[in-house]
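Inspection log for the structure reproduced underneath, given as structure tokens.
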Amino acid sequence: MFYTTPRYILFIHLVVNDMIQLTTTITLYVSSYVFYKINASVCLVIVSFAIFTTSNTPFNLAIMAVECYIAICFPLRHVEFCTIKTTYILISWIWFLSSIGVFPDIFLLIATEPRELFLSAVFCQRDNLFRHPVSLKKQEVLHTIYLVGIWIVLFYTYLHIFFVAKAAKSSSGDAKKARNTILLHAFQLLLCMLTYVFHFMVRSLVYLFPSNVINVTFASYIFVQILPRLISPIVYGLRDQMFRQKLKKYLLCTICFKL
């Protein structure tokens, strides 16, 4: 059932993507505290995966918002628009849009930096690798475009969903639950969109608190990277009635059987 429903396919992709993202980013933070510097080639691989998966999350959530909008506002056309084929095509587009922010920087890095850089040890973060002015400018432009685009999707879909749920007078309990879910979705998406202003936010906080650089960086990472991914399984998993039923049936019964 989960592999034949677009909503659950997107949710599974979101969870797997966030698992990879958390693994890579936590690896970066642990290595920076333990080793401080690591090989630049290894750093490049880890940073590339981190950028890919970090960029994927807001796109995935935006598509899930559109799917929810179609399901609530156009229920009769939901089956027509939201098919399995369309879902996998959209997931491919998510990775394509994220690749625009990674592959050009990698090619530019290989073309402009000396070979010695890839054999040296560096403090592993994006700006220490992709430091070419073109890469920095491209990052700012892409983040601005993606931020504006996702903001438009967020407001258009969730406002329409909110008004439709509010107008559902026949089932006030369901309408209230729908509005709460919408607010949770919007809150999580807003947190994920902080990814696009993460570096600007960190630079501003470091400027205000220059003696607490490590604390500011770590707190920003927890708030921007980990917190939204902590909310995902709750909002899209445990709050979903069908998912919750299957979780109780298969996971809890399996645990009881093993005990």
Side-chain angles (χ1 to χ4, degrees), residues 17-18 20-60 94-151 191-229:
N17 178 84
D18 287 351
I20 299 173
Q21 194 272 348
L22 289 174
T23 301
T24 52
T25 54
I26 289 174
T27 301
L28 286 177
Y29 269 86
V30 171
S31 64
S32 66
Y33 281 105
V34 176
F35 305 108
Y36 186 69
K37 291 185 178 182
I38 63 175
N39 181 267
S41 299
V42 176
C43 175
L44 177 61
V45 174
I46 299 176
V47 167
S48 299
F49 272 104
I51 296 173
F52 259 121
T53 51
T54 301
S55 301
N56 284 346
T57 302
F59 291 133
N60 202 120
I94 289 174
W95 284 90
F96 172 75
L97 291 174
S98 297
S99 68
I100 297 176
V102 182
F103 284 132
D105 292 336
I106 295 176
F107 295 146
L108 188 61
L109 174 68
I110 296 174
T112 58
E113 295 292 344
R115 185 179 301 178
E116 290 76 13
L117 173 66
F118 301 97
L119 302 176
S120 62
V122 296
F123 182 75
C124 192
Q125 62 178 11
R126 176 173 183 157
D127 293 343
N128 286 344
L129 289 176
F130 306 131
R131 54 193 180 186
H132 195 279
V134 175
S135 295
L136 297 177
K137 191 64 178 179
K138 179 190 69 64
Q139 178 185 350
E140 294 179 1
V141 172
L142 279 180
H143 282 184
T144 302
I145 294 174
Y146 292 159
L147 181 66
V148 172
I150 294 177
W151 264 110
L191 287 179
C192 287
M193 289 170 62
L194 291 177
T195 300
Y196 297 128
V197 295
F198 177 72
H199 294 287
F200 174 76
M201 182 175 68
V202 171
R203 286 196 296 266
S204 301
L205 292 174
V206 168
Y207 177 78
L208 294 174
F209 307 101
S211 60
N212 297 302
V213 176
I214 295 178
N215 294 333
V216 165
T217 305
F218 184 75
S220 301
Y221 169 72
I222 295 294
F223 187 76
V224 176
Q225 302 293 350
I226 291 185
L227 184 58
R229 289 159 182 85

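Computed over heavy atoms, backbone and side chain alike; hydrogens, waters and symmetry mates excluded.
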* Asked: Got a donor-acceptor contact below 3.5 angstrom from the S135 side chain to the R131 backbone?
  -> no
* Assess whether side-chain contact (heavy atoms from CB on, under 4.5 Å) is satisfied between F130 and I106, documenting all intermediate values. => CA-CA 8 Å; F130 306 131; I106 295 176; 4.1 Å; yes
* **Main-chain N/O of W95 paired with S98 side-chain donor or acceptor, under 3.5 Å** => no
* Rounded to the nearest 0.5 Å, what's the gap from NZ on K37 to OG on S120? Could you check? => 8.5 Å
* To do: Just do the side-chain contact (heavy atoms from CB on, under 4.5 Å) check on L109 and F118 with the steps written out, would you?
  => CA-CA 10 Å; L109 174 68; F118 301 97; 4.0 Å; yes
* Asked: Between atom CG of L44 and atom CD1 of I38, what is the distance when rounded to the nearest 0.5 Å?
  -> 10.5 Å
* Structure fact -> Correct closest heavy-atom pair for I51 and G101 would be CG2-O, 4.4 Å
* **Q21: which of T53, I226, I26 passes side-chain contact (heavy atoms from CB on, under 4.5 Å)** => T53
* Structure fact -> The side-chain contact (heavy atoms from CB on, under 4.5 Å) partner of N17 among L22, T54, T57 is T57
* Does any non-hydrogen side-chain atom of L108 lie less than 4.5 Å from one of K138? -> no
* Asked: Taking all non-hydrogen atoms of both residues, which atom of S31 and which atom of L28 are closest, and how far apart?
  -> OG-O, 2.8 Å
* Structure fact -> Correct closest heavy-atom pair for N39 and S41 would be OD1-N, 2.9 Å
* Using a cut-off of 6.0 Å, state whether more than 12 heavy atoms not belonging to Y221 lie near its atom OH. => yes
* **Main-chain N/O of L97 paired with Y146 side-chain donor or acceptor, under 3.5 Å** => yes
* To do: Starting from the C-alpha separation in whole Å, work towards a yes-or-no answer on side-chain contact (heavy atoms from CB on, under 4.5 Å) for L117 and V122.
  => CA-CA 9 Å; L117 173 66; V122 296; 4.2 Å; yes
* Report yes if some heavy atom in the side chain of N60 is under 4.5 Å from a heavy atom in the side chain of D18; otherwise report no. => no
* Would the number of heavy atoms belonging to other residues, nucleotides or ligands and lying under 6.0 Å from CZ of F218 be above 12? -> no
* Are F103 and F96 near enough that their ring centres are under 6.0 Å apart? -> no
* Beyond-backbone contact of F35 with V30, side-chain heavy atoms, under 4.5 angstrom -> no
* Asked: Between L129 and C43, what is the shortest heavy-atom contact and its length?
  -> CD1-SG, 3.6 Å
